[in-house]
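So the structure is just underneath, and the comments pick up after that.
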Amino acid sequence: MVILLAGSLKSFLELLGALVIFVFVLVIVYFTTKWMGGLQMARSNNKNLRIVETIGVGSNKTISIVEAGTVYLVVSVGKDEVHLLARLTKEQLKDLSFEEVKNNAQAESFSEIFNKLKDKLPKKQD
């Protein structure tokens with residue numbers, strides 16, 4: 001009986017030790033991630049350069065609008081290259097975010113879409 005109790009106590013202590021080590025590793029990972037994030041934010045806190053908008057146009061290819069001072073540059077970014085496509089002024093930029101809200105408000109509700117789909121399905125015959 002004493003041997004069985006000692007074995008289960010040993011197993012419990014091993015489990016508790018593994019749990020403590022696991023929590024310790026999680027804490028280290030958390031603080032390392034916070035530190036790296038702060039370091040990255042410090043690097044990206046530019047005063048003269050800012051990415052205004054980016055859209056993907058293929059695998060590993062994007063088109064971006066970059067604000068450089070008072071000039072806006074449209075660049076294509078590929079895997080190994082960056083090409084200047086156009087230069088824009090602030091007046092040439094168009095804010096389309098309000099149109100997305102307008103289009104979403106006019107979208108059909110789920111029940112309307114479901115009813116249209118239900119009407120197209122074949123009727124079950126008894």
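Excluded from the calculations below are hydrogen atoms, water molecules and symmetry mates; all remaining heavy atoms, backbone and side chain alike, are included. Nothing fancy with the numbering, it's 1 onward along the sequence.
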Report summary line: Minimal heavy-atom distance between Tyr72 and Thr89, with the atoms involved, is CD1-C, 4.0 Å

Report task. Grab the two heavy atoms, one from Thr54 and one from Ile51, that are nearest each other, plus how far apart they are. Result -> OG1-CG2, 3.3 Å

**Report entry** Cluster overlap Val71 with Val82, hydrophobic side-chain contacts below 4.5 Å
**Finding:** yes

Query raised in the report: For the hydrophobic clusters of this structure (ILVMFWY residues joined by side-chain heavy atoms under 4.5 Å, transitively), does one cluster hold both Leu13 and Phe22?
Result: no

**Report entry** Between CG on residue Leu16 and CD1 on residue Ile21, distance to nearest 0.5 Å
**Finding:** 10.0 Å

Query raised in the report: Nearest 0.5 Å, what's the CD-NZ distance between Glu81 and Lys61?
Result: 7.5 Å

Query raised in the report: Shared ILVMFWY cluster between Leu19 and Val27, side chains joined below 4.5 angstrom?
Result: no

Requested in this report: Find the distance between OG (Ser8) and CG (Leu15) and round it off to the nearest 0.5 Å.
Outcome: 12.0 Å

Requested in this report: Look at the side-chain heavy atoms of Ile, Leu, Val, Met, Phe, Trp and Tyr, link any pair under 4.5 Å apart, and say whether Leu85 and Val57 land in one connected group.
Outcome: yes

Query - Straight-line distance of Ile63 CD1 to His83 NE2, nearest 0.5 Å - result: 11.5 Å

Report task. Drop me the distance from Phe31's CZ to Thr33's OG1, to the nearest 0.5 angstrom. Result -> 10.5 Å

Query - Candidate pair Val66 and Val52, rule side chain to side chain contact (heavy atoms under 4.5 Å, CB included), full reasoning - result: CA-CA 6 Å; Val66 179; Val52 176; over 6 Å; no

Requested in this report: Indicate the atoms forming the closest heavy-atom contact of Ala68 with Leu73, along with that distance.
Outcome: CB-CD1, 4.4 Å

Query raised in the report: Are Leu88 and Ile55 connected in the hydrophobic side-chain network, where two residues link if heavy atoms are under 4.5 Å apart?
Result: yes

